[in-house]
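Below you'll find the structure, written out as structure tokens, and then a few comments.
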Protein chains: 2
Amino acid sequence: MSPRKSAAEAHRTRERIVERGVAMASVDGLGGLTIGRLAGDLGISKSGLLGHFGTKEALQLAALRRASEVFSRAVWEPASGAEPGLARLRAVCEAWTTYLERERATFPGGCLFTTAAVEFDAQLPGPVRDAVVRLHQTWRHRLLADVRHAVAAGELPGDGDPEQYVFELLGIFFSLNHSVQLFGDPAAPARTRTAVARLLRGPGEG
Amino acid sequence: MSPRKSAAEAHRTRERIVERGVAMASVDGLGGLTIGRLAGDLGISKSGLLGHFGTKEALQLAALRRASEVFSRAVWEPASGAEPGLARLRAVCEAWTTYLERERATFPGGCLFTTAAVEFDAQLPGPVRDAVVRLHQTWRHRLLADVRHAVAAGELPGDGDPEQYVFELLGIFFSLNHSVQLFGDPAAPARTRTAVARLLRGPGEG
DNA sequence: CCTACCGATCGGTAGG
DNA sequence: CCTACCGATCGGTAGG
């Protein structure tokens with residue numbers, strides 16, 4: 001009878017759906033995230049699940065948003081105390097490495113953003129693809145800002161193009177995700193740290 | 001009535017199916033490669049198509065094999081005349097860059113191997129996942145062989161771990177595929193060439 | 001290569 | 001949140 005209790009329970013159910021949805025999408029992609037299978041996993045009906053989102057697309061967007069929050073908490077927040085520039089860049093990369101190495105609970109199938117980017121990169125523009133692009137652009141810009149700061153402060157060689165650093169950094173982490181997911185290579189985190197250290201070597205550290 | 005003519009026609013039909021299947025899979029993944037849609041595109045019946053392969057899985061494996069042949073012709077063969085070691089490594093990277101930049105006819109949705117790797121990396125072992133792993137391992141080993149040759153010949157710094165070079169090389173090309181497919185970034189091929197040149201810099205070229 | 005069909009599952013709706 | 005249902009599509013088969 002109490003509307004507060006019912007609203008709180010509905011909220012908790014929604015949380016459970018999104019959490020499980022993120023895990024399922026990390027394994028099977030946002031396309032493989034089907035309403036029937038997710039409802040079955042959670043022991044609720046399809047229409048009960050769909051009532052929280054309206055459409056599958058809204059469920060996919062909710063999963064993306066949640067993944068973004070998890071990524072932000074695991075990678076950006078731990079580095080937020082470091083000095084802007086090279087120090088923060090290195091802290092972000094270290095947190096990112098640990099995150100791809102260990103975060104199996106929320107993302108049992110690997111980084112959802114990599115999966116979603118590859119899954120939607122050849123699709124026509126639409127709400128989901130646009131959200132994937134927006135998220136990738138957000139992180140790119142955050143990385144770029146710290147690279148620019150580092151170059152301006154003389155912490156990185158001034159002849160390096162900031163965009164070039166970001167391009168290569170992203171590649172290192174794509175390679176890490178690939179090595180861990182497809183080959184289960186236990187040496188991949190160490191290779192990532194080596195590559196990052198070499199790329200982000202200061203002008204006097206050569 | 002002539003069995004030769006009929007066999008030749010069947011072969012041509014099979015070729016058309018595989019070719020179109022590779023293109024479809026590069027856009028929608030090997031999972032999104034559905035028999036009904038492919039048959040509709042080609043103007044034949046589902047059962048007519050399936051008669052050439054038996055199962056969807058066999059169709060997926062045929063598409064992977066074809067993609068491998070295309071990749072081999074576009075990336076490995078142009079470099080086959082170069083000297084083993086650093087020279088061939090650089091030639092392979094140049095052909096690979098051009099391939100990801102231009103190969104829109106066979107792979108309108110980008111490199112099928114990247115798509116397939118991300119799509120199947122969290123799946124249980126099975127014929128398709130195993131084939132994806134095998135193909136990736138084949139190219140890894142070819143790259144590794146030339147890196148080892150280059151290090152042994154003193155063309156690359158001897159303190160570098162050959163596996164480290166391969167790890168970083170793959171990352172550069174993942175980043176290229178990502179930039180081209182998700183952002184359509186026209187500067188990505190140039191960034192790739194810059195990154196490769198820096199990674200494969202000889203000991204006396206620093 | 002075809003038509004005609006199978007059971008299962010898809011996203012989603014009606015009505016409670 | 002439920003049951004009961006919708007049309008569409010999935011991979012695949014029977015029989016020619």
Side-chain angles (χ1 to χ4, degrees), chain A residues 1-21 24-25 27-64 119-120 123-124 126-129, chain B residues 1-21 24-25 27-64 116 119-120 123-124 126-129 131:
Chain A
M1 280 301 179
S2 156
R4 286 188 70 179
K5 182 183 171 189
S6 148
E9 278 176 4
H11 184 261
R12 268 186 36 209
T13 300
R14 205 194 125 103
E15 291 288 293
R16 280 178 65 225
I17 296 169
V18 174
E19 190 179 339
R20 188 71 69 101
M24 189 175 282
V27 172
D28 298 308
L30 286 168
L33 174 61
T34 73
I35 296 164
R37 218 154 45 91
L38 188 54
D41 269 25
L42 295 165
I44 63 179
S45 69
K46 287 199 312 175
S47 71
L49 190 154
L50 211 49
H52 288 274
F53 304 95
T55 65
K56 175 178 178 174
E57 190 174 273
L59 170 64
Q60 291 174 318
L61 292 171
L64 271 177
E119 194 179 355
F120 283 89
Q123 299 298 312
L124 294 175
V128 180
R129 202 203 119 105
Chain B
M1 278 303 183
S2 158
R4 285 189 72 177
K5 182 184 172 189
S6 148
E9 279 177 2
H11 184 262
R12 268 184 37 208
T13 300
R14 206 194 125 104
E15 289 289 291
R16 281 178 63 224
I17 295 170
V18 174
E19 190 179 339
R20 187 72 70 102
M24 190 176 281
V27 172
D28 297 309
L30 286 168
L33 175 61
T34 74
I35 295 162
R37 218 155 43 92
L38 188 53
D41 269 25
L42 294 165
I44 63 178
S45 70
K46 287 200 312 175
S47 71
L49 190 154
L50 210 48
H52 288 274
F53 304 94
T55 64
K56 175 177 177 174
E57 191 175 271
L59 170 63
Q60 291 174 317
L61 292 171
L64 272 177
E119 193 179 356
F120 282 89
Q123 299 298 311
L124 294 174
V128 180
R129 202 204 119 104

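By convention in this document, chain letters (A, B, ...) are assigned in the order of the sequence lines, proteins followed by strands, and residues within each chain are numbered from 1. These figures come from a predicted structure and were not determined experimentally.
The 12-atom threshold is exceeded at CD of B/Gln123, counting heavy atoms of other residues, nucleotides or ligands nearer than 6.0 Å.
Taking the side chain of B/Arg37 as heavy atoms from C-beta on, and the options D/dG11, D/dC10, C/dC10, the nearest nucleotide is D/dC10. Among the nucleotides C/dG12, D/dG11, C/dC10, the one closest to the side chain of B/Thr34 is D/dG11.
For D/dC1, the OP1/OP2 oxygens have no side-chain nitrogen or oxygen of A/Ser45 closer than 4.0 Å.
Stems are defined here as 3 or more consecutive Watson-Crick or G-U wobble pairs with pairing distances under 3.5 Å; those involving DNA chain C are C:1-16 with D:1-16.
In this structure, B/Leu50 places its CG atom 19 Å from P of C/dA4, rounding to the nearest Å. Look at CG on B/Leu33: it is 8 Å from P on D/dG11, rounded to the nearest Å. One interatomic measurement links the two molecules: CD of B/Glu57 to C1' of D/dG11, which rounds to 12 Å at whole-angstrom precision. B/Leu38 has its CG atom 13 Å from the P atom of D/dG12, to the nearest Å. Taking atom CG of B/Asp41 as the reference point, atom P of D/dT9 lies 13 Å away to the nearest angstrom. Between B/Leu42 atom CG and C/dC2 atom C1' the separation is 16 Å, expressed in whole Å. Here D/dT3 presents its C1' atom at 16 Å from CG of A/Leu49, a figure rounded to the nearest Å. As rounded to whole Å, 16 Å separates atom P of D/dT13 from atom CZ of B/Phe53.
Backbone-only engagement by B/Ile44 is indicated by non-hydrogen atom pairs under 4.0 Å involving sugar-phosphate atoms exclusively. Among the protein residues, B/Ile35 comes within range of the sugar-phosphate backbone only, with heavy atoms under 4.0 Å from sugar or phosphate atoms but none that close to a base.
Put simply, CG on A/Leu30 and NZ on A/Lys56 are 8.5 Å apart, with the number rounded to the nearest 0.5 Å.
The shortest non-hydrogen separation linking B/Leu38 to B/Gly21 is CD1-N, 3.8 Å. The shortest heavy-atom contact between B/Leu64 and B/Ala131 is CD1-CB, 4.0 Å.
Taking 3.5 Å as the limit, the base of C/dG12 and the side chain of A/Lys56 contain no donor-acceptor pair of atoms between them. Judged by distance alone with a 3.5 Å cut-off, a donor-acceptor contact links the side chain of B/Ser47 to the base of C/dC2.
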With a cut-off of 3.5 Å and sequence neighbours excluded, list every side-chain donor-acceptor pair involving residues 40-48 of chain B.
residue	atom	partner	partner atom	Å
B/Ser45	OG	B/Gly48	N	3.0

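Residues A/Phe53 and A/Gln60 form no side-chain contact, since every pair of their non-hydrogen atoms from C-beta on lies 4.5 Å or further apart. Residues A/Val128 and A/Glu57 meet the side-chain proximity criterion, which asks for heavy atoms closer than 4.5 Å.
Comparing A/Lys46 and A/Gly51 by the nucleotide of DNA chain D that holds the closest heavy atom to each, the one mapping nearer the 5' end is A/Gly51.
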